[in-house]
Amino acid sequence: IRKNTTWFLSLLILPLFIQCSQTKEEQKPNILFIMADDHTSQAISAYGTIFGDLFTTPNIDKLADQGMLFTNVFATNAICGPSRAAILTGKYAHVNGYCKNEKGGKFNASQWTFISEFKKQGYQTALFGKWHLGSEPEDFDYYKFHVGNGQQGNYIDPVYNDNGKHIKETGYATNLTSDFFLDWMKGLRKKDKPFAALLHFKAPHRPWIRDEKYKDLFDGVEMPYPSNFNDDYKGREKTAGDTWMTMDFLNHRDSKVTPPEGLEGKALSDWTYYGNKPNQAWMPEGCTTLEEARKWKYQQYIKDYLSCIKSVDDNVGRVLDYLEENGLAENTIVVYTGDQGFYLGEHGWFDKRFMYDTSSKMPFIVRYPKEVNKKSRNKDIITNVDFAPTLLDLANIEIPADVQGHSFAQNLKGNTPNDWKQCMYYQYYEYPKWHHVQPHYGIRNQRYKLIHFYYNIDVWEFYDLEKDPQEMNNAINMPEYQNIITEMKAEIVVQQKDLGINGSLEAMRAITDADMGEV
Ligand code: SGN
Ligand code: CA
């Protein structure tokens, strides 16, 4: 009888044991890192937009509703490849080796990344959509990323690198990239392991091509303009006033103008990109002044850009539904972000690059029901090198000492540490292509920003963001700020030393001049 009882008891206990070990395994959080290329917070309704009911992002807003929305998250170098490299490595561009898109060469994908660490810890890792770092990704169990167009990818019938094989797919990139992610979730993924997946949309990157579904969206509507659309760049003539990113630089292709009949080859290509260079501002039909042309181009641009985001938002909805329907919503950390901010007509521009807030600020939303309060908001100063250590920290994985970013896991839980950093360091190297933005570095704290433009000009700018959130008044010479400016100049030296940046202008210029190779 005794023997039988023991046997019977062990039968009862065994499943409990299995149950326990499974629960522990399941408790490792999954990571779903969603990033849309050039998606800026002025185009997410949860952040507040100037478009009112004309444009909303209900699915991204749902994440903000169920999690934490951040208002002071910054890219440390506001362009694509460098932002992606900083996110993956938790290190600044000069350390991870990827400082520029143009002549930036190839990202060394065999270096440590948060993905390589998750893989090492037994996670299933995967990448979908935009990679844009020149090299082949490493440490992903599965990847399917955009090739063609220097890895920028295409909107319609794009070619993907599917685990080493180039495949031309049929359809619209945003939908396809989501399909591939969902296929992997349902199929190839090993379901007994946690996952860390990157879902990186090409949209809403230039040339802002819409899905058929949204071809008529905003027809007959005049979209509102940002209040500084007609910036005259006073006091910033050599910096903000000397770019190739005003509405004048939107070319025929951007503006979706049909080419005249009979154009072929080089003539067709010249016509298509006409507008890209200085003194090529062209007049759309019906416009007689530059001012009218700028408004006309803005209307086309903003409607296309926002239409691209409607598709992103729809697909975020599909993905969130899948997580919910499969019991994965509770235990998955969902991040939604863009690789940098973007100008939607502010200062009269499109594109990004500047340390000014509109382009350096990233939208950033995290949903993780287990640890993060619903509808929570955070305004701590955080940068893209902080993402990698934070995700590892949330999964209880040790952060290597050479990672430069800091975990904000406590901030996410609503307990910002008292000694949390008060300012961030920024540096942009690429010049003159694209868009002719002077290389610059600087620091920003909760109230002030100091920038030095250094390549072939020597210009300092200072902004009081409380009084001048749009950064229209360069206050570098105003007597009342001289003490703060002196302090911040000293702080720049401290930051550069801490980060291992050689602050000599020669060394910095050399990075801009270096040809690391085209992708
Ligand atoms: C392309 C775009 C630029 C854009 C860069 C970088 N020109 O070169 O307008 O700034 O990408 O974008 S295009 O005519 O080819 O569209 S990034 O997102 O990769 O940094
Ligand atoms: Ca980008």
Side-chain angles (χ1 to χ4, degrees), residues 34-43 73-88 93 98-107 129-134 145-156 158 173-174 198 200-209 243-257 269-278 280 297 300-301 304-305 308-309 312 336-344 349-354 358-364 384 428-439 518-519:
I34 313 177
M35 181 153 73
D37 196 6
D38 292 353
H39 193 180
T40 189
S41 47
Q42 315 91 279
V73 169
F74 299 93
T76 44
N77 180 358
I79 40 167
C80 196
S83 179
R84 284 158 206 267
I87 290 170
L88 284 166
Y98 207 76
C99 298
K100 307 178 286 185
N101 278 349
E102 285 298 310
K103 301 194 165 58
K106 294 182 176 183
F107 172 71
K130 192 162 173 178
W131 167 250
H132 197 219
L133 286 166
F145 69 95
H146 282 292
V147 288
N149 211 357
Q151 289 192 352
Q152 288 281 10
N154 292 93
Y155 278 99
I156 312 288
T174 310
L198 307 181
H200 288 178
F201 296 113
K202 183 214 163 44
H205 188 270
R206 197 180 184 187
W208 315 295
I209 309 247
T243 72
W244 300 344
M245 53 193 253
T246 62
M247 294 297 130
D248 297 347
F249 287 86
L250 289 169
N251 59 40
H252 282 131
R253 177 195 60 162
D254 297 325
S255 299
K256 322 295 183 302
V257 188
S269 152
D270 287 350
W271 181 90
T272 304
Y273 296 100
Y274 192 77
N276 260 3
K277 297 204 176 96
Q280 291 189 343
K297 289 175 191 172
Q300 182 69 43
Y301 159 58
D304 289 340
Y305 178 93
C308 288
I309 291 172
V312 170
Y336 187 88
T337 187
D339 55 346
Q340 5 68 206
F342 208 72
Y343 293 98
L344 304 182
W349 293 332
F350 63 97
D351 215 67
K352 54 258 180 177
R353 294 156 197 278
F354 278 105
T358 311
S359 42
S360 58
K361 238 179 215 186
M362 308 165 81
F364 198 79
N384 57 355
Y428 171 79
Y429 300 93
E430 198 174 296
Y431 184 83
K433 258 176 100 180
W434 290 70
H435 305 296
H436 203 264
V437 170
Q438 285 285 335
E518 290 293 349
V519 169

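For ligands, and for the atoms within them, numbers begin at 1 and follow the listed sequence. Computation of the quantities below employed the complete heavy-atom set of this structure, encompassing side-chain atoms and omitting hydrogens, waters and symmetry-equivalent molecules.
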Show the numbers, then the answer: is there a ring pair (Phe, Tyr, Trp, His ring centres under 6.0 Å) between His200 and Phe145?
-> CA-CA 9 Å; His200 288 178; Phe145 69 95; over 10 Å; no

Could you tell me if any non-hydrogen atom of Lys130 lies under 4.0 Å from any atom of ligand 1?
-> yes

Heavy atoms of other groups near Lys277 NZ, more than 12 under 6.0 Å = no

Heavy-atom proximity to atom 13 (S) of ligand 1, best of Lys202, Gln152, Arg253 | Arg253

Only one of Asp351, Asp304, Asp254 clears salt bridge (Lys or Arg N to Asp or Glu O under 4.0 Å) with Arg206; which?
-> Asp254

Quick check: does any side chain N or O of Gln151 sit under 3.5 Å from a backbone N or O of Trp131, one acting as donor and the other as acceptor?
-> no

Name of the Asp38 atom (N/O/S only) found closest to the Ca ion (ligand 2) = OD1

Using a 4.0 Å heavy-atom threshold (strictly under), name the region of Asp38 that reaches ligand 1: side chain, backbone, both or neither.
-> side chain

Quick look: Asn251 vs ligand 1, heavy-atom contacts under 4.0 Å, and the answer is neither

Option with minimal heavy-atom separation from atom 5 (C) of ligand 1, where the choices are Met245, Arg206, Arg353 | Arg353

When you look at Phe350 and Tyr305, which way does the ring pair (Phe, Tyr, Trp, His ring centres under 6.0 Å) test go after all the steps?
-> CA-CA 10 Å; Phe350 63 97; Tyr305 178 93; over 10 Å; no

Side chains of Lys352 and Thr40 in contact at under 4.5 Å (non-hydrogen atoms) = no

Trp434-ligand 1 polar pair, N/O distance under 3.5 Å = yes

Residue Asp339 atom name (nearest to the Ca ion (ligand 2); N/O/S) = OD2

In Asp37, the N/O/S atom nearest the Ca ion (ligand 2) carries the name OD1

Hey, is ligand 1 close enough to Tyr273 that some N/O pair sits below 3.5 Å?
-> no

Is the Ca ion (ligand 2) under 3.0 Å from any N, O or S atom of Gln340?
-> yes

Compute the minimum heavy-atom distance from Lys352 to ligand 1 and say whether it is under 4.0 Å.
-> yes

Would His252 and Tyr273 count as having a side-chain donor-acceptor pair, cut-off 3.5 Å?
-> no

Do Pro439 and Tyr429 have side-chain heavy atoms sitting under 4.5 Å apart?
-> no

Which of the atoms of ligand 1 are close to His132, meaning less than 4.0 Å from one of its heavy atoms?
-> 19 (O)

Is the closest N or O pair between Phe350 and ligand 1 shorter than 3.5 Å?
-> no

Compare Asn101, Asp351, Ile79 and give the one whose heavy atom is closest to atom 10 (O) of ligand 1.
-> Asp351

